[in-house]
Number of protein chains: 2
Amino acid sequence: MDRNKNSALAKILDTHLSTLAKTEGLEQELILAAIDAGTMVCLANPNHQNLTPLLVGQPAKIKVNANIGTSPLSSCLETELEKLKVALEAGADTVMDLSTAGDLDQIRQKMLAVCPKPVGTVPIYSVGQKLLDHNREISSMTADELLSEIENQCQQGVDFITVHCGLTKHGATLAKNNRTLGIVSRGGSMLARWMLENDQENPLLTHFDRLLEICRPYNVTLSLGDGLRPGAGCDAGDNAQWDEVLKLDELCQYAQSQGVQCMIEGPGHMSLDLVYGQIQTIKTVTHHAPLYVLGPLVCDSSPGYDHISGAIGGAIGVQAGVDFLCYLTPAEHLTLPDINDVKQGVMASRIAGHIGEVALRRPHALEREKRMNAARRDLNWEEMKQAALDPGQVELRRREHKNEEVCAMCGKFCSVKMLKDLREK
Amino acid sequence: MDRNKNSALAKILDTHLSTLAKTEGLEQELILAAIDAGTMVCLANPNHQNLTPLLVGQPAKIKVNANIGTSPLSSCLETELEKLKVALEAGADTVMDLSTAGDLDQIRQKMLAVCPKPVGTVPIYSVGQKLLDHNREISSMTADELLSEIENQCQQGVDFITVHCGLTKHGATLAKNNRTLGIVSRGGSMLARWMLENDQENPLLTHFDRLLEICRPYNVTLSLGDGLRPGAGCDAGDNAQWDEVLKLDELCQYAQSQGVQCMIEGPGHMSLDLVYGQIQTIKTVTHHAPLYVLGPLVCDSSPGYDHISGAIGGAIGVQAGVDFLCYLTPAEHLTLPDINDVKQGVMASRIAGHIGEVALRRPHALEREKRMNAARRDLNWEEMKQAALDPGQVELRRREHKNEEVCAMCGKFCSVKMLKDLREK
């Protein structure tokens with residue numbers, strides 16, 4: 001990525017590089033080299049007040065995103081702000097406001113105002129909502145409408161945007177004709193419909209230079225969306241999917257040459273045996289740009305528990321090179337997540353990230369494991385709580401028996417206690 | 001396994017083989033050959049009334065076990081019977097009664113009476129409890145006491161028992177001296193203490209022939225316990241662990257030659273990168289005897305969410321050869337599971353098993369996925385419910401919006417709906 005062309009980013013790094021290096025436990029030179037190589041991005045729009053910039057891209061720590069936002073069937077600003085709070089408390093590194101109902105500008109501004117971590121959006125949702133409000137078909141959208149909404153969100157302070165620039169007419173046709181579940185990305189669907197009905201190429205692709213001009217002054221990172229991610233295991237890894245990945249790489253390389261940071265978005269549904277190969281291939285094809293993945297969701301039949309299936313795919317994904325995990329909640333495929341779902345989703349993704357990092361032997365992850373195991377050996381419950389990914393759960397679960405040295409599962413038969421007694425004899 | 005020496009098993013197969021073949025979707029000849037080869041076991045004690053026998057060992061379907069039972073800090077028969085019911089409703093294939101408090105004979109008999117699926121136990125727990133009741137140290141236990149308790153449980157109808165026969169004085173010493181968390185198996189700890197304090201070899205090893213004589217008439221399957229399973233990622237894969245695995249193979253081969261069925265129990269804590277290699281190695285060393293695994297738990301720092309970490313390890317484990325998953329619940333490492341934990345634990349293990357089977361392309365698993373995806377394509381919510389691993393969750397989550405064709409996440413922006421409308425135009 002050509003840093004000389006992005007003065008907004010240069011300023012942010014001037015101010016924050018030393019803190020970022022400390023937070024990540026990485027050398028400043030390594031971070032700058034990775035940003036230059038396009039394998040790491042710094043999420044930070046100068047217009048986002050009180051933001052702490054964030055690095056995404058291994059060997060920076062794995063990051064977790066929580067999707068929140070209103071929907072036509074469930075729209076309440078206060079609830080979404082509460083979800084934002086819960087997501088941050090649970091340890092989300094970013095949130096995406098995917099609202100599609102209510103006063104979208106107001107919701108976005110409120111979220112940006114209270115969120116000290118990067119906020120992402122999918123700008124085409126807002127355009128879609130405006131069209132619907134005026135009873136206009138998606139096919140009537142103009143490129144100007146889409147680009148001016150993107151500019152509006154950049155000015156508001158959004159740090160990264162999902163733009164499905166790599167979705168081509170050819171790819172959309174392949175997906176529509178050859179798949180069980182076609183196109184399951186909402187933004188991708190809208191663009192596919194626009195292209196097929198107008199018989200024109202994707203406006204985000206044909207106007208890619210204008211998109212870069214709009215984003216650069218705000219250092220808004222493009223999250224190059226996977227509009228053709230498979231929505232069913234049986235659709236995984238087909239021509240349509242790879243057609244888009246190849247295009248995303250081209251666009252990513254070009255954007256970087258123009259001083260705009262990019263991440264690549266990844267699948268999606270796929271069976272467990274495909275995860276390692278697909279992630280490695282996507283990373284290689286896209287020159288190791290930061291990979292932002294939804295799941296991967298390694299089975300289709302676990303509605304109500306997709307946060308678990310997603311964590312299974314996510315952990316392997318991280319081991320294979322994923323940098324950024326988008327959470328799935330227990331509500332996925334069924335309804336909008338509630339407050340508790342948000343918490344469960346963030347935790348499941350954080351666990352997947354941690355497990356992947358332990359497998360990769362990242363020092364900060366091993367340090368946490370070491371601390372936990374020393375605490376377990378000593379039956380030191382306060383220390384276990386501190387080492388846990390969710391200290392609150394340790395507190396809660398221990399409440400009833402908090403004065404016991406052992407836990408209520410084994411009681412007197414606690415093997416750790418037996419060994420401790422033997423050691424202390 | 002020498003079937004000619006086990007008339008109890010022969011009778012069970014005479015009666016149930018055709019049903020078992022149907023249930024598993026396997027040829028009868030394949031099942032018999034696998035039982036003979038010792039790569040599959042049929043869990044069924046003729047004294048267990050109303051039992052439906054169960055096959056364990058791929059390519060039979062992956063099975064899931066739920067551990068229930070009282071503990072010194074939480075002892076209520078009714079609650080445990082309720083957990084049994086919930087475990088079965090959630091789809092557990094077996095339960096193990098790990099009670100260590102209350103009237104253990106009564107608890108076991110009640111569970112056997114109401115459980116139509118195989119029931120397992122760890123008989124040394126009962127011996128340990130009796131010793132404690134009489135203020136006797138574990139070191140004062142006699143081999144006769146242990147073997148007569150095993151015989152008692154065989155007579156009662158227990159279908160499989162965990163016996164830590166492969167734990168040697170040498171292995172226990174290695175684990176005690178070289179590990180962060182030593183021995184975390186409760187039964188293993190008790191035996192290790194017995195051996196080290198008496199300076200004698202494991203009574204289950206020195207009296208292995210008597211153990212076989214006791215179990216054979218009841219076709220009680222030995223679940224050869226991994227007393228030295230690592231209790232921390234940093235202890236995984238050490239000499240102590242492998243010393244026991246090698247011994248378990250010897251004992252397994254010998255038991256099979258004497259007409260007694262065996263499973264091998266496996267780890268335990270290990271990082272994700274080790275799962276595939278360890279499982280493959282254990283399976284190879286033990287001549288592909290059915291492998292019954294706790295987890296593997298692929299991180300130490302997720303108390304409150306160990307069912308998720310266990311499912312991550314379990315899914316990879318199944319892909320690598322695991323046959324039988326013992327659940328972990330959200331309560332693991334913290335307290336005894338409650339009713340909801342039991343449900344969550346069974347579901348997480350079933351999801352792991354299903355994901356592993358999809359990766360292995362098992363026909364019944366792919367069939368479920370196919371049905372779900374067809375239902376999703378058609379927005380047929382009733383059919384999605386039927387295809388789901390937990391139909392109840394689909395019902396529950398949809399309740400508020402059950403008359404909507406789409407779900408409350410995307411509403412009007414439903415990509416599947418857009419495609420469906422396009423198809424139906």
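Here is how names work: the chains are called A, B, and so on, in the same order as the sequence lines, proteins then strands, and each is numbered from 1. All values below were derived from every heavy atom in this structure, side-chain atoms included, with hydrogens, water molecules and symmetry-related copies excluded. No experiment lies behind these values; they were computed from the predicted model shown.
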**OP:** Could you look at B:Arg398 and say if it's the side chain, the backbone, both or neither that has a heavy atom under 4.5 Å from chain A?
**Re:** side chain

Original post:
Side chain, backbone, both or neither: which part of B:Ala387 has a heavy atom under 4.5 Å from chain A?
Top reply: backbone

When only pairs under 4.5 Å are counted, which of [options] shares the most heavy-atom pairs with chain B?
| options | value |
| --- | --- |
| A:Ala331, A:Cys234, A:Gly188 | A:Ala331 |
| A:Cys299, A:Ser189, A:Gly231 | A:Cys299 |
| A:Gly233, A:Pro303, A:Ser271 | A:Pro303 |
| A:Gly182, A:Ala375, A:Ala348, A:Ala311 | A:Ala311 |
| A:Asp390, A:Val358, A:Val416 | A:Asp390 |

Between [X] and chain B, which part of the residue has a heavy atom less than 4.5 Å away: side chain, backbone, both or neither?
| X | answer |
| --- | --- |
| A:Ile351 | side chain |
| A:Ser185 | backbone |
| A:His333 | both |
| A:Met418 | both |
| A:Pro330 | both |
| A:Met409 | both |
| A:Leu132 | side chain |
| A:Glu400 | neither |

Subject >> Smallest separation among heavy atoms of A:Ile312 and B:Ala352, with atom names >> reply: CD1-CA, 4.4 Å

Original post:
Out of B:Arg368, B:Glu369, B:Arg371, which one pairs with A:Ser301 under the side chain to side chain donor-acceptor pair (under 3.5 Å) rule?
Top reply: B:Glu369

When [options] are compared by non-hydrogen pairs under 4.5 Å with chain A, the top option:
| options | result |
| --- | --- |
| B:Leu98, B:Ile316, B:Thr70 | B:Ile316 |
| B:Ala315, B:Gly313, B:Gly314 | B:Ala315 |
| B:Met372, B:Gln344, B:Gln129, B:Lys385 | B:Met372 |
| B:Ile308, B:Asp235, B:Leu396, B:Asp300 | B:Asp300 |
| B:Gly304, B:Ser71, B:Gly411 | B:Ser71 |

Pairwise distance [atom1]([X]) to [atom2]([Y]) - rounded to 0.5 angstrom:
| X | Y | atom1 | atom2 | value |
| --- | --- | --- | --- | --- |
| B:Arg350 | A:Ser302 | CZ | OG | 11.0 Å |
| B:Tyr305 | A:His354 | OH | NE2 | 14.0 Å |
| A:Leu272 | B:Gln319 | CG | CD | 4.5 Å |
| A:Asn373 | B:Arg179 | CG | CZ | 12.0 Å |
| A:Arg397 | B:Asp341 | CZ | CG | 4.0 Å |

Subject >> Contacts of type salt bridge (Lys or Arg N to Asp or Glu O under 4.0 Å), residue B:Lys370, not counting sequence neighbours >> reply: none

Original post:
Do B:Val394 and A:Leu334 come close enough that some side-chain heavy atom pair is under 4.5 Å?
Top reply: yes

